[in-house]
Amino acid sequence: MAIHKILFASLLICLLIQSSHAATKERLFSDLEKSALEVTATPSRVGEGVGVDKLSITWKVSSTATKEPEFKAIKVKLCYAPASQVDRPWRKTENELFKDKSCPHKISSWSYDPAMKAGQSFDYTLERDIPTGTYFVRAYAVDTKDHEVAFGQSTNEDKTTNLFSVQAISGRHKSLDIASVCFSVFSVVALLVFFVNEKRKAKIEQSE
Amino acid sequence: MAHHNEDEGSIGTSMHGVTAREQVFSFSVQGEDDGPSSHTVGFDDPTAKFALPVDSEHRATAFKPFSFAKPHMRAFHLGWISFFTCFISTFAAAPLVPIIRDNLDLTKSDIGNAGVASVSGAIFSRLAMGAVCDLLGARYGTAFLLMLSAPTVFSMSFVSDAGGYLSVRFMIGFCLATFVSCQYWTSVMFNGKIIGLVNGCAGGWGDMGGGVTQLLMPMVFHVIKLAGATPFTAWRIAFFIPGFLQVIMGILVLTLGQDLPDGNLSTLQKRGEVSKDKFTKVFWYAVLNYRTYVLFLLYGFSMGIEMTINNVISEYFFDRFQLELHTAGMIAASFGMANFFARPLGGYASDISARFFGMRGRLWTLWILQTSGGIFCVWLGRATSLPIAILSMMLFSVGVQAACGAIFGIVPFVSRRSLGLISGLTGAGGNFGSGLTQLIFFSSSKFHAADGLSLMGIMGMIFTLLVAFIHFPQWGSMFFGPTSDEKKSKEEHYYAAEWTEEEKRQGLHEGSLKFAENSRSERGRKAASDGSSPSTPPENGNPAHV
């Protein structure tokens, strides 16, 4: 009976979690206005290192943009190029916007007003949790409901040009390595000490 | 009093005592049964010094889980917690994979292969562990595993690519052999009448480690990040926790534990003679018994699937439902935590069905539990909403874990002589199944993880049909009754067949005959009407779980 109660309670909790999701499930990437924004991203050097190197990013509203009155904010994101998506289904590009996982890293976002048509240009220092890979930059324009209406990216539609590569930190530290060796040695030595000691005691006992 | 010197010297004849149906030191439980196979060693009023009631071998006849009394309950707790700690270490990487895969630039194949590697090592270490425990005693067996594999856990801090990740996970996986040392230890400490319950609790609670780690590691990771570390360093530091746990447990085992009720192995070895069976014989009879292979495969699709899920489920929920790392971990943890009651439940169900329907009841119970586990696994793969996924996962967990318990309700009856080895082989089958399912379904981009789950469930259900092939001449099988041959339908015939005429003349098979008599309860209610079964609740009343 306790099992039934637990199952029922967890079912209720999950239903609540699910119902709190916004109903944005059906919005598709292909519905967005393409090239409404012109985006460029220039790495400061080839093979950018995270935490150290910068990306120079500019975005501006293109003259061909039709949905410009709806723009409320511009969100700039770092996206994976196809080479970094191979055999990695957690970075897959999906047409449904809520499912799409190809642009997980937020760079910055700007509140938009019509005076900003000429765009912005800024430097972005790569975060330390960006993995190694090839990337491009995409900017989404969102409306008042925080729904994407248009976008622009620093590469072409096939995502083959103007890609740049990023080198992640290894996460390793010398202090960590040393601590690891110390504890390992302690573990092995402690075991041997116990073992030898006990064998010696048993021998002494036997010879008595 | 005959000392069987000609038999001794075969180290590690079996993991004898793993499910504790066989007698360690070939004592008999009832003191009045004096045959050539029983020894008596003189002790000075020994029972007075034990906190629990004991039998003539000083094995406890009562199980008090809240006690830490020396030596029995202490051994129980040290044993299952050691096993639990090793489960934590082996599956510690699983909930952190979303971070690790970014740090090391892993592909799906890399992750899948590392998962396979993490369970493969134990296939061999579990087989070797019986010999190790025979040689060194359960205490050192456990402590060796814990403290020699702790460095492998710490070495996660050195890993920088897919190859390193795979090697380290492979090496950590060896410590899953603590399952054997834990069962061995409880088996020498507890009487056969209660060993089923004791081993079931030890096994189930140890397996819970696979669930706890899914909660523990993301929490530790989160705390370390809050303390200021970057994610790619924090996960490495997080691995120090399972490493510390292993070292601490190793020291506790060595200082607080005791190999045998009367003392430690090295001290006792200098005194009495221990009669051991020949390894070659034990091996031969295990290999010749076709049921060994059936159980190997069946356990591969209950315990094997359970271990595979431990490796993949957190990442699955993280990716499919866009959850936070610790939320995915929480859901994944509840899968493993169900072991606390699900596994003993399976064994209990097996026992109840045996009371009415004998061995046929046990086989049907196993088939029902494992097949429903498979059905719910398919459902889990199909589920597109989070509540349904969680519901199906919980039902799935109860199904497969209870099936694990039910399998070990049957294992003790397959062989008396080679029991330890067959139990060990069955256990190794679990690891094999896990490696196989991870390799086929979760290592390539050929299918989505969701489809992988459904296909794994279907494969499990197909293999579970093998239960129908387990046939005992004395009890029948799922569909057929016992053989009508007058001689072969006796339990004695089945168990005595494992001894040669020469050995029978020496009376070495006495233990098997006693066991055969006790096992008449596997005829079900017919046994009572036969009038030939013992009225004592059989020592195989509760099956042993691992």
Side-chain angles (χ1 to χ4, degrees), chain A residues 2-3 6-8 10-18 21 50-51 84 86-92 98-99 101 104 127-133 168-173 175-195 198-199 201-203 205-206, chain B residues 98-99 101-103 105-110 140 143-144 146-148 150-152 154-160 230-237 240 243-244 246-247 250-251 254-255 264 266-267 269-270 315 318-319 322 327 334 341 385-391 394-395 398 444-445 448-449:
Chain A
I3 306 164
I6 295 169
L7 277 177
F8 186 61
S10 38
L11 192 62
L12 267 178
I13 294 170
C14 300
L15 282 168
L16 284 169
I17 297 172
Q18 209 207 4
H21 276 160
V50 296
S84 286
V86 170
D87 205 12
R88 294 180 176 87
W90 57 89
R91 294 180 183 172
K92 208 155 164 242
F98 85 100
K99 267 195 193 167
K101 298 198 197 120
E127 297 279 347
R128 295 177 142 241
D129 62 351
I130 307 279
T132 304
I169 54 169
S170 72
R172 289 182 55 186
H173 281 282
S175 51
L176 214 58
D177 293 346
I178 294 173
S180 167
V181 169
C182 285
F183 285 119
S184 307
V185 166
F186 170 73
S187 179
V188 176
V189 165
L191 179 69
L192 287 175
V193 162
F194 266 104
F195 191 65
E198 222 171 83
K199 280 269 178 273
K201 267 196 234 150
K203 234 185 251 171
E205 213 183 274
Q206 204 201 5
Chain B
I99 309 295
R101 69 190 178 194
D102 278 344
N103 188 185
D105 201 22
L106 301 175
T107 62
K108 184 168 179 191
S109 328
D110 293 331
Y140 272 115
F144 261 84
L146 283 169
M147 294 175 90
L148 291 182
T152 61
F154 290 125
S155 62
M156 266 296 190
S157 57
F158 293 103
V159 166
S160 54
T230 57
F232 290 173
T233 306
W235 75 265
R236 296 164 189 275
I237 302 176
F240 274 69
F244 288 152
Q246 278 191 225
V247 175
I251 295 177
L254 287 172
T255 49
N264 282 320
S266 44
T267 345
Q269 265 172 347
K270 314 291 183 202
E315 197 188 349
F318 181 87
D319 288 334
Q322 286 87 45
T327 316
S334 37
F341 63 87
S385 75
L386 188 62
I388 303 288
I390 294 178
L391 177 67
M394 290 312 298
L395 293 168
V398 175
S444 71
S445 294
H448 297 288

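We name chains A, B, ... by the order of the sequence lines, and we start the count at 1 in each one.
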Please determine, among B/K108, B/M147, B/R101, the option with the most heavy-atom pairs under 4.5 Å with chain A.
B/R101

Select, from B/S160, B/P98, B/A150, B/S109, the one with the greatest count of heavy-atom pairs under 4.5 Å involving chain A.
B/S109

Whatever's closer than 4.5 Å to a heavy atom in chain A on B/L106 counts as backbone

Using heavy-atom distances under 4.5 Å, tell me whether A/K101 contacts chain B through its side chain, its backbone, both, or neither.
side chain

Under 4.5 Å to a heavy atom of chain A? For B/Q246 that would be neither

Could you go through the salt bridge (charged side-chain N to carboxylate O under 4.0 Å, His left out) check for A/K92 and B/D319 one step at a time?
CA-CA 10 Å; A/K92 208 155 164 242; B/D319 288 334; over 6 Å; no

For B/F144, is it the side chain, the backbone, both or neither that has a heavy atom under 4.5 Å from a heavy atom of chain A?
both

Check A/R88 with B/D110, please: is the shortest side-chain N to carboxylate O separation under 4.0 Å?
no

Okay, B/V159 and chain A: the region with an atom under 4.5 Å from a heavy atom over there is backbone

I'd like to know whether the aromatic ring centres of A/F183 and B/F244 sit less than 6.0 Å apart in this structure.
yes

Proximal component of A/F186, with respect to chain B [non-hydrogen, under 4.5 Å]:
side chain

Run the ring pair (Phe, Tyr, Trp, His ring centres under 6.0 Å) test against B/F158 and tell me which residues pass, sequence neighbours left out.
none

Check step by step if side chain to side chain donor-acceptor pair (under 3.5 Å) holds for A/S180 and A/D177.
CA-CA 5 Å; A/S180 167; A/D177 293 346; over 6 Å; no

With sequence neighbours left out, write down each residue that passes side-chain hydrogen bond (donor to acceptor under 3.5 Å, both in side chains) with A/S170, or none if nothing qualifies.
none

